Amino acid sequence: MRDELTAISDMLSDEDPVRRAQIKMHKPLPKRFYKTVDIGRTDDGWTILLDGKKLKTPSKNTLRLPSEAAAHLLRAEWDDQKDVIQPTRMPATRLVNSALDGVAANVAEVLEDIVRFSGSDLLCYRAESPQSLVLRQNELWDPALEWAHGHLGSRFILAQGIVYQEQPAQTVEAFRTALQQHTDPLVVACLHSMTTLTGSAILTLAVVKGGIDAEQAWSLAHLDEDWNIEQWGTDEEQLHRRALRKVEYATSCAMLAACSQ
């Protein structure tokens with residue numbers, strides 16, 4: 001069983017989807033080697049049991065989850081594997097592995113990376129033209145920034161084009177303070193994933209604080225892309241990449257919600 005788990009861990013350990021695909025191409029998919037998948041209680045959380053044995057991360061850490069609801073997300077992934085194990089269909093497991101093997105030892109650094117996103121946030125950079133795009137950005141992005149102002153007590157500054165606009169120090173510090181309320185490695189991993197996938201730390205904070213829902217945040221993050229599709233039509237490859245990112249984003253949002261249950 002340990003050899004099978006090691007092979008699967010290799011496939012689940014790389015966060016880059018292209019690299020995961022390359023690994024998958026060079027290795028045959030391992031067969032499902034376990035019969036039962038259960039949830040087990042640990043001293044400080046929950047874990048996954050394969051035939052009664054605790055699941056480990058690629059770095060051999062015991063897979064610990066902060067809530068039973070989070071454990072159920074992973075249990076469903078492992079139970080859904082049929083004849084072979086398909087790591088590409090296990091985004092929650094990849095997320096947890098990343099949290100426990102990477103984020104756990106670097107929580108402060110990962111939070112600070114999210115703060116840096118807020119300093120050049122998607123919502124703060126507006127188009128100069130055409131007018132229809134300018135108006136749509138104002139209509140749909142301004143309410144999110146107004147929510148941030150109300151929540152943080154400080155405003156983000158807008159810029160036109162791609163020229164960098166430094167944000168007020170008090171705004172960045174207020175954002176940092178709000179973010180630092182979250183210290184669980186899995187929660188932080190979810191927040192970082194959501195931020196990188198949307199390009200907006202502000203939208204991520206709004207989701208975690210209940211200012212907007214996850215689906216609305218995803219839509220707002222793709223406002224420019226959707227506008228371009230309306231003007232020029234669809235790009236199938238682009239839509240495929242977006243669909244893959246949406247799976248990762250939805251998983252991060254679901255895990256975030258599960259961690260608080």
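If you read the sequence from its start, that first residue is 1, and numbering goes on from there. The figures that follow rest on heavy atoms only: side chains count, while hydrogens, waters and symmetry mates do not. None of the values given here were measured: they were computed from a predicted structure.
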Does a side-chain heavy-atom distance below 4.5 Å link L29 with Q86?
-> yes
Heavy-atom pair of closest approach, residues L49 and G40 = CD1-CA, 3.9 Å
Are there more than 12 heavy atoms of other residues, nucleotides or ligands under 6.0 Å from atom CD of E109?
-> yes
L133 and L140: same hydrophobic cluster, using ILVMFWY side-chain contacts below 4.5 Å?
-> yes
Using a 4.5 Å cut-off on heavy atoms from C-beta on, say whether the side chain of K56 contacts that of T62.
-> yes
Check whether any side-chain heavy atom of S120 lies under 4.5 Å from a side-chain heavy atom of Y125, and answer yes or no.
-> yes
Hey, is CZ on R89 packed in by over 12 heavy atoms from elsewhere, all under 6.0 Å?
-> no
Minimum heavy-atom distance A127-Q137, with the two atoms named | N-OE1, 2.8 Å
Can you measure from CG (L145) to CG (L123) and round to the nearest 0.5 angstrom?
-> 5.0 Å
Under 3.5 Å donor-acceptor, S59 side chain and N61 backbone | no
In the single-linkage hydrophobic clustering (I, L, V, M, F, W, Y; side-chain heavy atoms under 4.5 Å), do L186 and I114 co-cluster?
-> no
Backbone of K35 reached by a side-chain donor or acceptor of D51 within 3.5 Å | yes
Is there a donor-acceptor pair closer than 3.5 Å between any side-chain N or O of S98 and the backbone N or O of R94?
-> no
Do K246 and E215 meet the salt-bridge criterion of a basic N to acidic O distance under 4.0 Å?
-> yes
Look at R241 together with D235 and state whether they make a salt bridge at an N to O cut-off of under 4.0 Å.
-> no
Would you confirm whether T47, through its side chain, and L63, through its main-chain N or O, come within 3.5 Å as a donor-acceptor pair?
-> yes
Applying the 4.5 Å side-chain criterion to the ILVMFWY set and letting contacts propagate, would L197 and L95 be lumped into a single cluster?
-> no
When you look at H192 and V103, which way does the side chain to side chain contact (heavy atoms under 4.5 Å, CB included) test go after all the steps?
-> CA-CA 10 Å; H192 190 268; V103 175; over 6 Å; no
Distance-minimising heavy-atom pair for L122 and A221 | CD2-O, 3.6 Å
Has the side chain of E77 got a donor or acceptor atom that lies under 3.5 Å from a matching backbone atom of T93?
-> yes
Separation between CG (L191) and OG (S252), nearest 0.5 Å, reads 9.0 Å
Got F117 and T196 here, is their nearest side-chain heavy-atom distance under 4.5 Å?
-> yes
Hey, mind stepping through L223 and W141 against side chain to side chain contact (heavy atoms under 4.5 Å, CB included) and telling me if it holds?
-> CA-CA 9 Å; L223 183 152; W141 284 355; 3.7 Å; yes
Spatial distance of atom CZ (R242) from atom NE2 (H240) [nearest 0.5 Å] = 14.0 Å
Can you find a pair of side-chain heavy atoms, one from V187 and one from L256, that are under 4.5 Å apart?
-> yes
Can you check whether V96 reaches M255 side chain to side chain, under 4.5 Å on heavy atoms?
-> yes
Has R64 got its NZ or CZ under 6.0 Å from the middle of the six-membered ring of W46, at an angle within 45 degrees of the ring axis?
-> no
Can Q180 and V115 be said to form a side chain to side chain contact (heavy atoms under 4.5 Å, CB included), step by step?
-> CA-CA 10 Å; Q180 287 174 341; V115 173; over 6 Å; no
Can you tell me how far CG of L203 sits from CH2 of W218, rounded to the nearest 0.5 angstrom?
-> 11.5 Å
Atom pair CE (M194) and CG (L205), whose distance is rounded to the nearest 0.5 Å = 9.5 Å
For Q261, does the CD atom have more than 12 heavy-atom neighbours from other residues, nucleotides or ligands under 6.0 Å away?
-> yes
Between atom CG of L111 and atom OG1 of T183, what is the distance when rounded to the nearest 0.5 Å?
-> 8.5 Å
Lys/Arg-Asp/Glu bridge criterion (N-O < 4.0 Å) met for E173, R176 = yes
Is L65 close to L73 at the side-chain level, that is, under 4.5 Å between some pair of heavy atoms?
-> no
Kindly check if the number of other-residue, nucleotide or ligand heavy atoms within 6.0 Å of CG (D44) is above 12?
-> yes
Take Q81 and Y34, measure what side chain to side chain contact (heavy atoms under 4.5 Å, CB included) needs, and give me the verdict at the end.
-> CA-CA 10 Å; Q81 305 304 305; Y34 52 89; 3.7 Å; yes
Beyond-backbone contact of I202 with C124, side-chain heavy atoms, under 4.5 angstrom | yes
Within a radius of less than 6.0 Å around CD of E112, do more than 12 heavy atoms belonging to other residues, nucleotides or ligands occur?
-> yes
So which heavy atom on A178 is nearest to which on K209, and how close?
-> O-NZ, 3.8 Å
With no hydrogens and no angle check, do the side chains of T195 and T204 hold a donor and an acceptor under 3.5 Å apart?
-> yes
Give the ring-plane orientation class for W147 versus H151, where under 30° counts as parallel, over 60° as perpendicular and anything between as tilted.
-> parallel
Looking at E146 and R155, does any basic side-chain N land under 4.0 Å from a carboxylate oxygen?
-> yes
Which atom names give the shortest non-hydrogen contact between I48 and A71, and what distance separates them?
-> CD1-O, 3.4 Å
Closest heavy-atom pair, A258 versus S67, reported as atoms and distance to 0.1 Å, is O-OG, 2.6 Å
Is D79 paired with R32 through a side-chain N to carboxylate O contact shorter than 4.0 Å?
-> yes
D142/R126 salt bridge by N-O under 4.0 Å criterion | yes
